[in-house]
Q: 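Quick one: structure below, then a few questions.
Naming: A, B, ... by sequence-line order, numbering from 1 per chain. The shown structure was predicted, so the numbers you read here are calculated from the model rather than taken from an experiment.
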There are 2 protein chains.
Amino acid sequence: MSIHLANIGDDEAYKPCAHDYQTNCGNCRLNAICLPLALESEDIAQLDEIIQRSKPIQKNQHLYREEDNFQSVYAVRSGTLKAYKTTDDGREQVTGFYFPGEILGMDGIANNSHASSAKALETSAVCEIPFSSLEKLSTLMPSLQRHFFQLMSREITEDQQLITLLSKNSADERVASLMLSISTRNARRKLSATQFRLPMSRVDIGNYLGLTVETVSRVFSRMQKMDLLSVDNKEIEIKDIQGLRDMANLGS
Amino acid sequence: MSIHLANIGDDEAYKPCAHDYQTNCGNCRLNAICLPLALESEDIAQLDEIIQRSKPIQKNQHLYREEDNFQSVYAVRSGTLKAYKTTDDGREQVTGFYFPGEILGMDGIANNSHASSAKALETSAVCEIPFSSLEKLSTLMPSLQRHFFQLMSREITEDQQLITLLSKNSADERVASLMLSISTRNARRKLSATQFRLPMSRVDIGNYLGLTVETVSRVFSRMQKMDLLSVDNKEIEIKDIQGLRDMANLGS
DNA sequence: TATTGAACATGACGTAGATCATGGTAGATG
DNA sequence: CATCTACCATGATCTACGTCATGTTCAATA
């Protein structure tokens with residue numbers, strides 16, 4: 001098992017068969033990411049009540065599929081998922097990767113049906129948040145309402161970042177940006193910002209970044225030659241984070 | 001004055017100096033787009049009270065700038081605006097065009113500061129919706145809360161569409177898609193789906209679609225040669241909408 | 001009316017990244 | 001253990017689109 005998984009593995013998430021997880025939002029160590037809001041403890045208790053902690057999702061299993069009836073949004077507890085749309089001519093477009101503490105499924109609210117599919121890239125666990133309950137609770141708890149408005153707004157700004165990346169940046173810049181993004185998201189979860197295992201394949205990376213697998217491979221090779229990072233299959237070690245930032249060309 | 005503006009011009013929006021517009025959400029002919037929800041008439045009256053109808057914005061004037069303090073979201077009453085981000089190396093990325101009935105500014109909620117700038121492409125009028133009032137009202141009116149969740153979700157799905165377009169589609173497909181998008185958005189407002197004036201420059205189109213001006217020009221020329229549409233500067237007439245759909249390659 | 005300048009069109013040419021082809025490696029399965 | 005199949009790396013070639021250069025049109029202003 002990888003270092004990455006081992007670090008997560010000591011979490012409560014890995015009790016696949018227990019019906020009553022001892023987890024709740026109050027003691028979850030991801031709540032700083034997932035719920036960065038000043039909820040009163042009784043508020044958190046109320047939130048806990050509507051959240052369902054599901055059994056693990058196996059690798060390649062779907063959490064939901066495009067056009068499924070929309071019921072819930074999901075917070076990642078452990079593992080990683082990718083969201084993707086299937087284009088009209090049958091190809092796939094990866095629209096995002098979701099790490100522990102991050103929330104997915106909000107694109108389904110607009111039409112009461114999921115606008116994308118979500119698939120586990122490794123064994124993962126999620127908290128299911130039924131949206132109708134969330135709505136009701138939000139009218140009672142202004143800070144929760146605000147939190148969800150902010151979460152959705154953040155999703156918008158992140159999508160706009162990706163739009164800019166796809167529209168204006170070279171292959172080198174795109175891959176470097178993704179590596180930096182994963183690095184900072186790891187750091188937020190108190191994991192190493194410089195050493196990690198990529199949960200996704202080169203195909204997924206290329207698809208997400210609008211590049212072919214071959215180009216992604218070549219960029220990784222180039223980065224290694226420049227001593228920015230070392231790549232051993234999916235194991236990444238960032239060796240020169242400033243150099244990587246320079247390559248990403250995103251300022252500072 | 002163009003056909004497009006003339007059609008809008010009979011609207012109440014064009015009373016630049018009046019302090020008391022006779023407009024309200026109840027009688028606004030855009031409310032089917034802007035508020036497609038079953039609000040009770042007294043609810044609409046409440047909403048009306050928080051909405052401020054501002055004086056027109058002149059062409060090239062900003063509605064807000066990136067990093068401005070976020071206070072409000074805006075509904076376009078007349079005219080057109082573009083939203084854009086300035087990348088770290090100083091270039092511009094157009095992230096969206098906003099037509100009457102559409103809402104912009106929601107990307108500012110996440111960080112209480114606008115994540116993009118908004119500039120009028122022609123003389124325009126907007127309804128300003130102070131967000132804090134909207135939040136308060138939303139806790140009292142579940143249907144309004146739901147509406148805004150849906151609006152934001154729609155913004156997410158549209159951004160994802162653009163991501164896919166940029167990542168997977170050719171120049172022809174991108175331009176054709178934009179023309180079709182403008183066409184359907186015109187139709188929603190009971191304007192012609194086949195004849196309209198583009199409010200934005202070729203530069204803006206290219207920027208939005210991740211293409212250079214030259215490429216956009218060439219695509220327009222190609223489309224004319226194929227008799228899909230006729231272009232006279234900014235005046236567009238779609239002559240073969242099915243042909244255009246085929247070119248866009250987005251299915252049906 | 002002449003003049004200036006933005007916005008647009010179009011040709012010639014260069015290039016980043018796609019496509020095609022081949023080979024290597026690591027984990028799954030009989 | 002052998003075999004199979006994803007997944008990844010890397011070279012050779014091709015091409016869509018960018019870049020550069022030049023010209024046109026039209027609206028604004030002297």
Q: What does B:G210 touch in the nucleic acid at a heavy-atom separation under 4.0 angstrom: a base, only the sugar-phosphate, or nothing?
A: sugar-phosphate

Q: Between A:S221 and D:dT10, is there a side-chain N or O to OP1/OP2 distance below 4.0 Å?
A: yes

Q: Rounding to a whole Å, what distance do you find between A:L198:CG and D:dA9:P?
A: 10 Å

Q: From D:dA12, D:dC17, C:dA9, pick the nucleotide closest to the side chain of A:R218?
A: D:dA12

Q: Between C:dG17, D:dA9, D:dC17, which nucleotide has the shortest distance from any of its atoms to the side chain of B:S170?
A: D:dC17

Q: How do A:R174 and B:N233 order along DNA chain C: which one's closest nucleotide is nearer the 5' end?
A: B:N233

Q: Taking CD1 from A:I236 and C1' from D:dC8, how many angstroms apart are they, rounded to a whole number?
A: 12 Å

Q: Rounded to the nearest Å, what distance is computed from the NZ atom of residue B:K168 to the C1' atom of nucleotide D:dA16?
A: 17 Å

Q: Check whether any side-chain N or O of B:T212 sits under 4.0 Å from OP1 or OP2 of D:dG18, and answer yes or no.
A: yes

Q: Whole angstroms only, please: what is the CZ-P distance between B:R197 and C:dA7?
A: 13 Å

Q: Between P on D:dC17 and CG on A:N169, what's the gap in Å once rounded to a whole number?
A: 18 Å

Q: Of the non-hydrogen atoms in A:Q93 and B:S167, which two are nearest, and what is the gap between them?
A: OE1-OG, 2.8 Å

Q: I need the NZ-C1' distance between B:K234 and D:dC26, as an integer number of Å.
A: 12 Å

Q: Ignoring backbone atoms, test whether A:T215 places a side-chain nitrogen or oxygen under 4.0 Å from the OP1 or OP2 oxygen of C:dA18.
A: yes

Q: Which part of the nucleic acid, if any, lies within contact of A:S217, taking any heavy atom under 4.0 Å across all strands shown: a base, the sugar-phosphate backbone alone, or nothing?
A: base

Q: Indicate, with yes or no, if the rings of B:Y64 and B:F70 have centres closer together than 6.0 Å.
A: no

Q: Side chain of B:A171, heavy atoms from C-beta onward: which of C:dG17, D:dC8, D:dC17 has the nearest atom to it?
A: D:dC17

Q: Check the distance between D:dC8's P and A:R202's CZ and give it to me in whole angstrom.
A: 5 Å

Q: Which pair of heavy atoms, one from B:S116 and one from B:K85, lies closest together, and at what distance?
A: CB-CG, 4.0 Å

Q: Flag the pair B:E235 and B:R197 as a salt bridge only when some basic side-chain nitrogen lies within less than 4.0 angstrom of an acidic carboxylate oxygen.
A: yes

Q: Check step by step if side-chain contact (heavy atoms from CB on, under 4.5 Å) holds for A:I236 and A:I182.
A: CA-CA 11 Å; A:I236 300 284; A:I182 293 175; over 6 Å; no

Q: C:dA21, C:dG17, D:dT19: which one has an atom nearest the side-chain heavy atoms of A:E214?
A: C:dA21

Q: Rounding to a whole Å, what distance do you find between B:I205:CD1 and C:dC8:P?
A: 8 Å

